[in-house]
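Heads up: numbering here begins at 1 and tracks the sequence. All values derive from a computational prediction rather than experimental measurement. First listed ligand is number 1; within each ligand, the first listed atom is number 1.
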Amino acid sequence: MPTPHNSATKGQIAKTVLMPGDPLRAKVVAETFLDDPICFNEVRGMLGYTGTYKGHTLSVMGSGMGIPSIAIYSYELYHFYDVDTIIRIGTCGGLAPQVDLRDIVIGQAACTDSNFADQYKLPGTFSPIADFALVRRAAEVAEQLGADYHVGNLLSTDVFYSDRAASQAWANMGVLAVEMEATALYLNAIAAGKRALGIMTVSDLVLRDGILSAEERQNSFTQMMEIALETAITC
Ligand code: HPA
């Protein structure tokens with residue numbers, strides 16, 4: 001069923017979808033890693049493709065940046081396209097001292113400064129968590145690949161240009177890294193009875209100096225992709 005944001009018909013999208021923030025990244029992932037990719041969406045330039053990886057049908061679609069954007073696309077995938085699993089692949093800013101550039105962060109949970117969860121009218125504060133089987137499998141694959149990886153809390157912020165004191169406060173609570181989407185993805189998955197995980201590479205360090213060159217970005221991207229693809233087809 002096409003939506004205002006997605007022209008795909010039901011059946012054109014796989015049960016598992018990888019979601020990078022950047023739609024052009026989705027195109028590159030489809031063309032690099034999938035066999036016979038077919039584009040199912042171009043609405044608003046939010047490119048989506050379905051193909052096969054090692055014989056398994058898999059889709060990849062951009063999420064856009066920020067909670068409202070990923071919330072729209074992931075909600076529609078879960079509710080209107082029968083998608084069971086979404087794995088966000090993206091970048092994050094390192095917050096914790098043990099997190100370095102190029103490391104992989106597997107988001108076990110995602111704190112936020114957004115009030116997205118208010119919609120559920122809960123009598124307290126909900127903890128948005130990833131699907132445990134996906135977390136466990138991604139960590140196993142990362143371990144097998146010998147990746148430098150961390151499993152723990154993310155911050156999904158609404159404020160990219162935030163002040164240092166706010167970032168430091170989250171770091172003091174052991175939050176590993178900051179990005180802008182995981183919490184909404186996890187909440188949508190949980191509310192729909194479905195599965196989600198975010199696997200990120202560290203592209204910059206928020207409380208220390210450090211930013212990746214284009215080449216370093218590419219290398220750590222490839223490792224993140226190996227983890228995400230293997231997790232997607234084996235879990
Ligand atoms: N802040 C928020 N989102 C991000 C960052 C960051 O430093 N790096 C990559 N995504």
Modelled atom types, side-chain donor and acceptor of [X] and [Y], under 3.5 Å:
X	Y	result
Thr201	Gln223	no
Gln12	Thr9	yes
Ser59	Thr50	yes
His5	Glu76	yes

Inset, instruction - Evaluate the salt bridge (Lys or Arg N to Asp or Glu O under 4.0 Å) criterion for residues Asp148 and Arg102: first the C-alpha distance (whole Å), next the side-chain angles of each, then the deciding distance (0.1 Å), finally the verdict. - result: CA-CA 8 Å; Asp148 291 316; Arg102 282 181 295 264; over 6 Å; no
Tell me which protein heavy atom sits closest to [atom], plus the residue, atom name and distance to 0.1 Å.
atom	answer
atom 2 (C) of ligand 1	Phe160 CD1, 3.6 Å
atom 4 (C) of ligand 1	Val178 O, 3.7 Å
atom 10 (N) of ligand 1	Thr91 O, 3.6 Å
atom 5 (C) of ligand 1	Gly93 N, 3.6 Å

Legend entry - Donor-acceptor contact below 3.5 Å, side chain Ser63 vs main chain Ile70: no
Legend entry - Met200, Glu179, Glu181: member with heavy atom nearest to atom 3 (N) of ligand 1: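 Shortest heavy-atom distance from atom 3 (N) of ligand 1: Glu179.
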For ligand 1, which atoms have a heavy atom of [X] less than 4.0 angstrom away?
X	answer
Met180	2 (C), 3 (N)
Ser203	8 (N), 9 (C)
Val206	7 (O)

Legend entry - Under 3.5 Å: N/O of Asp204 near N/O of ligand 1: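 Yes - when backbone and side-chain N and O of Asp204 are compared with those of ligand 1, one distance drops under 3.5 Å.
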Legend entry - Heavy-atom closest pair, residues Val99 and Leu205: O-CD2, 3.5 Å
